[in-house]
Protein chains: 2
Amino acid sequence: MKNSSLYKGSLNTIIMKLLEEKGRMYGYEITQKVKAITLGELNITEGALYPALHKLEAEGLLEVEVEKVDNRLRKYYKLTEKGNKETVNRLAELEEFIKNMQNIVNPKLSY
Amino acid sequence: MKNSSLYKGSLNTIIMKLLEEKGRMYGYEITQKVKAITLGELNITEGALYPALHKLEAEGLLEVEVEKVDNRLRKYYKLTEKGNKETVNRLAELEEFIKNMQNIVNPKLSY
DNA sequence: AATTTATACATAAGAGTTTTATGTATAAGA
DNA sequence: TCTTATACATAAAACTCTTATGTATAAATT
């Protein structure tokens with residue numbers, strides 16, 4: 001688990017973006033997808049993921065559908081209408097954040 | 001102060017990158033420079049900055065030179081040799097992080 | 001002349017997020 | 001049979017940052 005501290009604070013945005021794209025996902029699926037996208041670099045821990053999902057649900061940004069697959073429980077999460085709107089904002093913030101960090105790493109002459 | 005939570009965990013990297021570039025800077029100068037680069041979006045609070053500088057110094061990554069300018073105290077920080085080496089690593093991590101986040105926001109077909 | 005803003009440092013309490021550790025349970029693979 | 005993978009969950013501790021507060025000088029505004 002190489003997780004540098006840089007990922008701190010980005011978990012909610014990651015979850016919401018993946019749900020926006022995929023429609024619905026369950027917790028374990030999210031961890032595997034993130035691991036795949038980051039080529040194993042980012043491993044979301046369960047201790048971070050499940051409380052985050054519960055909080056987003058409590059805030060009315062996600063809703064859950066419980067299903068039993070292969071005799072195992074799955075909790076599928078999807079964005080609510082409110083969650084969809086909020087995701088737009090979060091992604092805009094993320095784009096700004098990335099731009100700002102790139103400007104710091106690779107400064108334009110003039111600052 | 002709009003500081004989205006995305007910036008959490010990036011303060012040390014920002015400080016080290018700026019010092020690598022500028023040679024030496026004092027705390028207040030760092031806050032102003034970051035505000036300028038991010039067009040006012042990221043305002044580093046003193047409660048975050050000063051403890052961070054002290055910690056980096058305690059870790060041997062920064063060293064300090066105190067000077068009095070216009071009858072006001074300034075503490076100039078610069079990277080130590082150890083700090084220079086560590087900065088290379090932190091910047092590599094930052095580049096990876098940015099790439100990974102971009103892959104999440106703008107996914108390549110195939111995941 | 002008095003008040004506010006800017007410069008320049010600092011720390012403590014509280015909030016928020018994540019890691020680490022632990023727990024339960026089923027299915028698949030070695 | 002034992003380990004790994006799947007799938008959820010929570011509590012304690014660690015870490016980082018915000019908010020609030022404090023000191024002090026200089027410059028700008030009212």
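Fair warning: this is a prediction, and the values are worked out from it, not measured in the lab. Within every chain, numbering begins at 1; the chains are lettered A, B, ... in the order of the sequence lines, protein sequences first and strands thereafter.
- The distance from atom CD of Glu46(B) to atom C1' of dT19(D) is 11 Å, rounded to the nearest whole Å.
- With rounding to whole Å, Gln32(A) atom CD is found 9 Å from dA7(D) atom P.
- Using a 4.0 Å cut-off on heavy atoms, the residues of residues 52-65 of chain A that approach DNA chain D are His54(A), listed by number.
- Using a 4.0 Å cut-off, some side-chain N or O of Thr45(B) falls inside it from OP1 or OP2 of dT18(D).
- For Arg72(A), no side-chain nitrogen or oxygen approaches OP1 or OP2 of dT26(C) to under 4.0 Å.
- Each of Pro51(A) and Val69(A) has a nearest nucleotide on DNA chain D; the 5'-most of these lies closest to Val69(A).
- OP1 or OP2 of dA8(C) sits under 4.0 Å from a side-chain N or O of Arg74(B).
- Protein atom CG of Leu73(B) is 12 Å distant from nucleotide atom P of dT25(D), rounded to whole Å.
- In this structure a side-chain-to-backbone donor-acceptor pair under 3.5 Å is missing from Thr13(B) to Arg90(B).
- Remark: the backbone N or O of Leu94(A) is not paired with any side-chain donor or acceptor of Lys99(A) at under 3.5 angstrom.
- At a threshold of 4.0 angstrom between heavy atoms, the contacts of Gly47(A) include nucleobase atoms, whether or not backbone atoms are also involved.
- Leu6(B) places its CG atom 10 Å from the P atom of dT18(C), with the value rounded to the nearest Å.
- For the ring-ring contact (aromatic ring centres under 6.0 Å, His included) test, residues two or more places apart in sequence or in another chain that qualify with Tyr7(B) are Phe97(A).
- Within the structure, a side-chain polar atom (N or O) of Lys75(A) is placed less than 4.0 Å from OP1 or OP2 of dA9(D).
- For the pair Met101(B) and Ile14(A), the minimum side-chain heavy-atom distance is below 4.5 Å.
- In summary, of the residues considered (Leu79(B), Thr87(B), Asn84(B), Leu61(B)), a side-chain contact (heavy atoms from CB on, under 4.5 Å) with Leu19(B) occurs for Leu79(B) alone.
- Within the structure, every side-chain polar atom (N or O) of Tyr50(A) is placed at least 4.0 Å from both OP1 and OP2 of dA9(D).
- OP1 or OP2 of dA26(D) sits under 4.0 Å from a side-chain N or O of Asn71(B).
- A salt bridge does not link Glu57(B) to Lys78(B): none of the charged side-chain nitrogens sits closer than 4.0 Å to a carboxylate oxygen.
- We find that NZ of Lys8(B) is positioned 12 Å from C1' of dG14(C), with the value rounded to whole Å.
- Using a cutoff of 4.0 Å between basic side-chain nitrogens and carboxylate oxygens, Arg24(B) and Glu65(B) are scored as salt-bridged.
- Here the side chains of Lys33(B) and Met25(B) are in contact, with some heavy-atom distance below 4.5 Å.
- Non-hydrogen atoms lying under 4.0 Å from DNA chain D are contributed by nothing in residues 15-25 of chain A.
- Note: OH (Tyr28(B)) to P (dA24(D)) measures 19 Å, nearest angstrom.
- Put simply, the side chain of Asn100(A) does not reach to within 4.5 Å of the side chain of Leu42(B), judged on heavy atoms.
- Summarising the geometry, the separation between CG on Asn43(A) and P on dT19(C) is reported as 10 Å, rounded to the nearest angstrom.
- Between Leu11(A) and Asp70(A), the residue anchored closer to the 5' end of DNA chain C is Leu11(A), taking for each the nucleotide with the nearest heavy atom.
- The side chain of Tyr26(A) places an N or O atom within less than 4.0 Å of a non-bridging phosphate oxygen (OP1 or OP2) of dA7(D).
- The residue Gly27(A) sits close only to the backbone: its heavy atoms come under 4.0 Å of sugar-phosphate atoms, none of a base.
- Between the CD1 atom of Ile44(B) and the C1' atom of dA8(C) there is a distance of 15 Å, rounded to whole Å.
- Between Thr80(A) and Leu62(A) there is no side-chain heavy-atom pair separated by less than 4.5 Å.
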